[in-house]
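A quick write-up on the structure given underneath.
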Protein chains: 2
Amino acid sequence: MTQSEENYLKAIYHLTTITDTDVSTNAIAETMETKASSVTDMIKKLAEKDLVNYKKYQGVSLTVKGSLAAKMIVRKHRLWEVFLVEKLDFSWDEVHDVAEQLEHIKSEKLINKLADFLGNPTEDPHGDPIPDANGDVQKVEKQLLSELNIGQNGICVGVKDTSSEFLKYLDKQKISLGSQIEFLEREEFDLSLKIKVDHTILSISNKIASNIFMKLN
Amino acid sequence: MTQSEENYLKAIYHLTTITDTDVSTNAIAETMETKASSVTDMIKKLAEKDLVNYKKYQGVSLTVKGSLAAKMIVRKHRLWEVFLVEKLDFSWDEVHDVAEQLEHIKSEKLINKLADFLGNPTEDPHGDPIPDANGDVQKVEKQLLSELNIGQNGICVGVKDTSSEFLKYLDKQKISLGSQIEFLEREEFDLSLKIKVDHTILSISNKIASNIFMKLN
DNA sequence: AAATATATTTAGACTACACTAAAAATAAGT
DNA sequence: ACTTATTTTTAGTGTAGTCTAAATATATTT
Ligand SMILES: [Mn+2]
Ligand SMILES: [Mn+2]
Ligand SMILES: [Mn+2]
Ligand SMILES: [Mn+2]
């Protein structure tokens, strides 16, 4: 399997997890920053290899084989992210691009040894679940901070946007995985939220709040 | 720089270090297991990028720029090998193929953090020197076991052949980097050597001996 | 239901890299 | 020096992956 094929599979996998329907050519093109015609070409190749189900004009879905392959790539991506943060002192906003490369390294032994070395973590530095060696993904129930009701509190367990800009903003506000957050008040004018993070009170926009995953206490 | 370009540069670098003259098209083709015509194509591209000096029919040599690039790839290769052996418990005969992939990961930060994490080693698991971040390679004087005189002794500091078969043979004979070896006797009939390795005496062929690097006491 | 807009596929072209076969240059042998 | 052998380069072809532009299918309006 080529790197390009792997990247397409991963993109389809991610789109599937958020929409839960067949994935459109254009959606793939957009997330991969490529052209729809290129996507069509690749889809045909993946279908030929029995990695996706494809009927012209109807979008694609992953086969069992394709889904497993995609999850193995995600597993590698996230394990490498843990390695970079835990062992090499990268911060959580610096790991993605390197992990994009490392996820394509082919060696069963390497990835399992790496997992052991890291203590078989189940989550990456952004709170996303790491599929195990069989492709099983542990599903944690979590909800967006923007969807909490006033007075509810919990801990930050993940982020939706993993862009460097967003993560650096969170660093600045001292919000990280594990932070205790309480939803104090909503400003109806701009839908911003007043929250308490580990004893300090601050105000964040709705956009920010809708990119933070919470687990209620 | 593409992976393919990097592999060519590395091959030229290695050929240069052993022959110390201009490198022929055929020599490159052989080490890269490709065809001479492919090599000619790539050489032109590398020359265009000022990575090699090239005059038709005259072979190639690395420019300063090309030499530095090659050494950075070798640096990465060998640092990853150390990582695999020291941290992930790979044995020295299992690391090469994975390192061949890892050496192409592009991130200054990664490689320097990795070097720190490993304690800035100067040698890889096969006794080969690791270029530093500036491309400086520490040259250790060492000689082949096959070229020692009777009665001389020293420690094993490297191997010339790094194939899995050879390394496993050494494992079986309990010969590893750091082993104390004394050259006891030569059998003139087949040029085999009687040696003492850390208190045990054994006989090895000349072929074996000519792939073991020694540093005299 | 027809017209229009959008999404998707096809057709054709391009780059990177590899190959085979043939041509040209260099090296070796007599 | 001339012939032969070897090495290297060129010419032409193929595959993977991308692109643009055009054609076709599906979705949305009116
Ligand atoms: Mn990532
Ligand atoms: Mn992540
Ligand atoms: Mn190696
Ligand atoms: Mn090595």
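All heavy atoms count here, side chains included; hydrogens, waters and symmetry mates do not. Residue numbers begin at 1 in each chain, while the letters A, B, ... track the order of the sequences.
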Would you please test B:Glu100 and B:Lys10 for side chain to side chain contact (heavy atoms under 4.5 Å, CB included) and show each step?
CA-CA 11 Å; B:Glu100 282 295 312; B:Lys10 192 163 57 102; 3.1 Å; yes

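Contacts between residues 31-40 of chain A and DNA chain C, counted as heavy-atom distances below 4.0 Å, involve A:Ala36, A:Ser37, A:Thr40.
When rounded to the nearest whole Å, the span between CD of B:Glu5 and C1' of C:dT15 equals 12 Å. Taking atom CG of B:Leu46 as the reference point, atom C1' of C:dA16 lies 13 Å away to the nearest angstrom. Atom P of nucleotide C:dA16 and atom CD of B:Glu6 are separated by 16 Å, given to the nearest angstrom. Between A:Lys55 atom NZ and D:dT26 atom P the separation is 12 Å, expressed in whole Å. Atom CD of A:Gln58 and atom P of D:dA27 are 7 Å apart (whole Å). To the nearest angstrom, P of C:dT8 lies 11 Å from CD of A:Glu30. For A:Asp41 and D:dT15, the CG to P distance is 14 Å, given to the nearest whole Å. The CD1 atom of A:Ile43 sits 11 Å away from the P atom of C:dT10 (whole-angstrom rounding).
Of the candidates C:dA16, C:dC19, D:dT18, the closest approach to any side-chain atom of A:Met42 belongs to D:dT18.
The aromatic rings of B:Phe83 and B:Trp80 lie perpendicular to each other, with more than 60° between the two planes, well past the 30° mark.
Contact annotation: A:Lys56 does not reach the phosphate of D:dT26 (side-chain N/O to OP1 or OP2, under 4.0 Å). OP1 or OP2 of D:dT8 has at least one side-chain nitrogen or oxygen of B:Asn26 nearer than 4.0 Å. An OP1 or OP2 oxygen of D:dT10 is reached within less than 4.0 angstrom by a side-chain nitrogen or oxygen of B:Lys44. In terms of phosphate contacts, B:Tyr54 brings no side-chain nitrogen or oxygen within less than 4.0 Å of OP1 or OP2 of D:dT8. At the phosphate of D:dT6, neither OP1 nor OP2 sits under 4.0 Å from any side-chain N or O atom of B:Tyr57.
In this structure, the separation between CZ on B:Arg78 and CG on B:Leu118 is 15.0 Å, given to the nearest 0.5 Å.
Without hydrogens or angle criteria, B:His126 side chain to B:Gly158 main chain gives no donor-acceptor distance under 3.5 Å. Remark: the backbone N or O of B:Asn149 is paired with a side-chain donor or acceptor of B:Gln152 at under 3.5 angstrom.
More than 12 heavy atoms of other residues, nucleotides or ligands lie within 6.0 Å of NZ in A:Lys106, so this atom counts as buried by the packing criterion.
B:Lys49 has a carboxylate O that lies under 4.0 Å from a charged side-chain N of B:Glu5, or vice versa, which qualifies the two as a salt bridge.
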